[in-house]
Engineer: 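Handing you this structure, nothing more for now.
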Amino acid sequence: MSSLKIVNVVGARPNFMKVAPLWEAMRAQPGIEPLVLHTGQHYDHKMSQLFFDHLGLPKPDVYLGVGSGGHGEQTGKVMIAFEREMQTLRPDLVLVVGDVNSTIACGLVAVKMNVKLVHVEAGLRSYDRTMPEEVNRVLTDQIADYLFTTERSALDNLRREGIPEERVFFVGNVMIDSLLKHREKASRSQVLEDLGLSPRNYVLVTLHRPSNVDDRDTLAGLLEVLGALSARMPVVFPIHPRTRAKLAEFRLDRVLRGYRDLKLVDPLGYLDFLKCMDNARVVVTDSGGIQEETTALGVPCVTARENTERPITVSEGTNVLAGQSPERILAEANRVIDGQGKAGRRPELWDGRAAERIVKVLWDREGRAAHGPPGGREGKGAQRPPAGGQFGRKS
Ligand code: UD1
């Protein structure tokens, strides 16, 4: 009997830690054949290969190598290359995660080839359509057959957009599966010693969103915040290639060199970054994933954005939305440094078992009858999963 063949798509850095636990859970289910396809949206060693090494992901079965480009160009190139591969791969399911350009590109190709689409981390909304990721999220959710969500706010968003409830499953957070699995290993990283940092005595910063780094004045304002913080304690700033390019373009790299205790470093690997997060006094970021990871770790986070698509990190977690005003970001970070950081709790189902739940749903609905051992009871996947998904649907 043939296996249930699932193509798992990764493209950019935040995808790797989401697919790793899914691939592992699929591999543990006899009857599923999981493949990993890398579009090549991120290609630098430190943005890609290092993550495969640290997360135990296999070498991708397929590498499309599309690289960078404008949104249209990048999305288009992924679609053309992915469609070609799909002719030979002929999977039963295509699984995409998150909200990057590779997510929507591969999603569109899959559904037009009548292959069922699985979206992991569905339903998150910033309600800010100027964010490229928001457009990717809304559109991917509209065409997906299975939508797996990380928090309950996503269920309300999807309902509002008319997505049939029977497609939606609240399962928890696969990125936190990876974090919990690797936390202990990360604790043995030597990165703090290498950077001359001591636990709880430094600020960790990441900035890469176009809204923060593509405008000279906005970026200059954020750098002033880093300067002021570095006068209080060391600031470590692993720099995304987009941000590095913008600093050079705006001739702002000189400003940073003037701050004595600011450590500008290349992007860190998964384990080193996890160690840095886990031991930071406060994290200042505009990333989506880091808001969730700090909440799971219980480390205070100040988010340099006006909105978040992950509201549970604010309502239950350690995250504070500070907007883009340098004064506000500095004030919030100083509050944490002064010992008035927000305590939080780990959200529901962020327990390290989300990937298992997802694979169970897919196997029960798509795999067991057609690809399982003789005597399976269910017929091959109803066109849509039956109503009342078993995991914590909002009542
Ligand atoms: C992408 C995602 C964003 C995610 C981020 C994490 C979209 C729309 N955005 O943004 O959601 O939070 O990844 O990093 O998909 N570059 C390199 N080397 C690389 C990759 C990129 O030098 O390996 C440079 C290139 O100059 C490129 C720029 O970074 O033009 C931006 O890369 P791109 O993939 O377009 O978007 P990100 O800003 O990384």
Side-chain angles (χ1 to χ4, degrees), residues 9-19 38-53 55 60 63-79 81-82 96-108 119-122 124-126 128-141 175 178 205-215 218-219 237-250 253 265-270 273 277 283 285-294 301 303-305 307-310 313:
V9 174
V10 292
R13 185 170 59 175
N15 297 159
F16 307 131
M17 56 293 258
K18 295 171 191 166
V19 164
H38 189 340
T39 65
Q41 177 175 341
H42 283 174
Y43 44 87
D44 281 359
H45 179 77
K46 288 180 170 153
M47 298 292 285
S48 179
Q49 180 60 44
L50 205 48
F51 285 76
F52 275 75
D53 299 345
L55 292 160
Y63 185 70
L64 303 181
V66 298
S68 300
H71 287 279
E73 183 189 356
Q74 190 174 59
T75 311
K77 276 189 188 161
V78 174
M79 289 183 71
F82 187 57
V96 294
V97 296
D99 53 19
V100 301
N101 285 341
S102 300
T103 305
I104 180 64
C106 295
L108 267 175
H119 187 204
V120 173
E121 202 186 87
L124 297 179
R125 297 289 181 267
S126 64
D128 173 4
R129 292 270 171 115
T130 65
M131 271 181 93
E133 295 82 2
E134 180 75 354
V135 179
N136 294 340
R137 289 191 277 260
V138 170
L139 297 181
T140 305
D141 286 339
M175 191 179 60
S178 273
V205 177
T206 81
L207 297 168
H208 77 280
R209 291 242 101 75
S211 54
N212 278 332
V213 307
D214 284 5
D215 175 71
T218 309
L219 184 55
F237 185 10
I239 193 154
H240 186 285
R242 164 194 281 280
T243 311
R244 188 178 282 287
K246 289 292 171 189
L247 286 175
E249 180 187 331
F250 300 145
D253 32 3
V265 297
D266 278 343
L268 296 172
Y270 184 71
F273 190 76
M277 261 191 307
V283 177
T285 191
D286 59 7
S287 151
I290 293 170
Q291 295 172 56
E292 294 185 340
E293 290 172 328
T294 46
C301 179
T303 297
R305 283 176 49 189
N307 50 52
T308 179
E309 61 286 335
R310 293 160 160 93
T313 61

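In listed order, ligands and their atoms are each counted from 1.
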Engineer: Taking 4.0 angstrom as the limit and counting only heavy atoms of V100, give me the atoms of ligand 1 inside it, by number and element.
Structural biologist: 2 (C), 7 (C), 11 (O), 15 (O)

Engineer: Is there a donor-acceptor pair under 3.5 Å between the side chain of N212 and the backbone N or O of T218?
Structural biologist: no

Engineer: Evaluate side-chain contact (heavy atoms from CB on, under 4.5 Å) for C106 paired with V78, printing each intermediate quantity in order.
Structural biologist: CA-CA 7 Å; C106 295; V78 174; 3.6 Å; yes

Engineer: Which is closest to atom 14 (O) of ligand 1 by heavy-atom distance: M131, R137, H240, E134?
Structural biologist: H240

Engineer: Starting at CD of Q41, measure out to CG of N101 and round the result to the nearest 0.5 Å.
Structural biologist: 5.0 Å

Engineer: To which protein heavy atom is atom 17 (C) of ligand 1 closest, and what is the distance rounded to 0.1 Å?
Structural biologist: Y43 OH, 3.3 Å

Engineer: Any idea which of E73, E133, K246, Q49 brings a heavy atom closest to atom 3 (C) of ligand 1?
Structural biologist: E133

Engineer: What protein heavy atom lies closest to atom 8 (C) of ligand 1? Include the residue and the distance to one decimal.
Structural biologist: N101 OD1, 3.4 Å

Engineer: Please evaluate residues R305 and D286 with respect to the criterion side-chain contact (heavy atoms from CB on, under 4.5 Å), reporting the C-alpha separation (whole Å), side-chain torsions for both, the decisive distance (0.1 Å), and the verdict.
Structural biologist: CA-CA 6 Å; R305 283 176 49 189; D286 59 7; 4.0 Å; yes

Engineer: Taking the six-membered ring for Trp, are F52 and H38 closer than 6.0 Å centroid to centroid?
Structural biologist: yes

Engineer: CG/N15 to CG/D99 distance, rounded to the nearest 0.5 angstrom?
Structural biologist: 8.5 Å

Engineer: Pull out every atom of ligand 1 sitting under 4.0 Å from any heavy atom of M47, numbered as shown with elements.
Structural biologist: 14 (O), 23 (O)

Engineer: Give the atom numbers and elements of ligand 1 that come within less than 4.0 Å of a heavy atom of R209.
Structural biologist: 11 (O), 12 (O)

Engineer: I'd like to know whether ligand 1 has P14 as a neighbour, heavy-atom separation below 4.0 Å.
Structural biologist: yes

Engineer: Hey, is R242 touching ligand 1 through its side chain, its backbone, both or neither, going by heavy atoms under 4.0 Å?
Structural biologist: both

Engineer: Under 30°, 30 to 60°, or over 60°: which ring-plane class applies to H240 and H208, parallel, tilted or perpendicular?
Structural biologist: parallel

Engineer: Need the ligand 1 atom indices (1-based, order shown) with element for anything under 4.0 Å from a heavy-atom of Q41.
Structural biologist: 1 (C), 7 (C), 15 (O), 34 (O)

Engineer: Quick check: does any side chain N or O of Q291 sit under 3.5 Å from a backbone N or O of S287, one acting as donor and the other as acceptor?
Structural biologist: yes

Engineer: Rounded to the nearest 0.5 Å, what separates atom CE in M175 from atom CD1 in I290?
Structural biologist: 8.5 Å

Engineer: What protein heavy atom sits nearest atom 27 (C) of ligand 1, and how far off is it?
Structural biologist: S68 OG, 3.2 Å

Engineer: So is H71 touching ligand 1 or not, going by heavy atoms under 4.0 Å?
Structural biologist: yes

Engineer: Pick whichever of R13, H208, H42, H45 has a heavy atom sitting closest to atom 39 (O) of ligand 1.
Structural biologist: H42

Engineer: With heavy-atom distances below 4.0 Å as the criterion, list the atoms of ligand 1 near Q74.
Structural biologist: 34 (O), 35 (O)

Engineer: Which ligand 1 atoms, with their elements, are less than 4.0 angstrom from a heavy-atom of P241?
Structural biologist: 16 (N), 17 (C), 18 (N), 22 (O), 24 (C)

Engineer: Between the side chains of R244 and D253, is the shortest nitrogen-to-carboxylate-oxygen separation below 4.0 Å, so that they form an ion pair?
Structural biologist: no

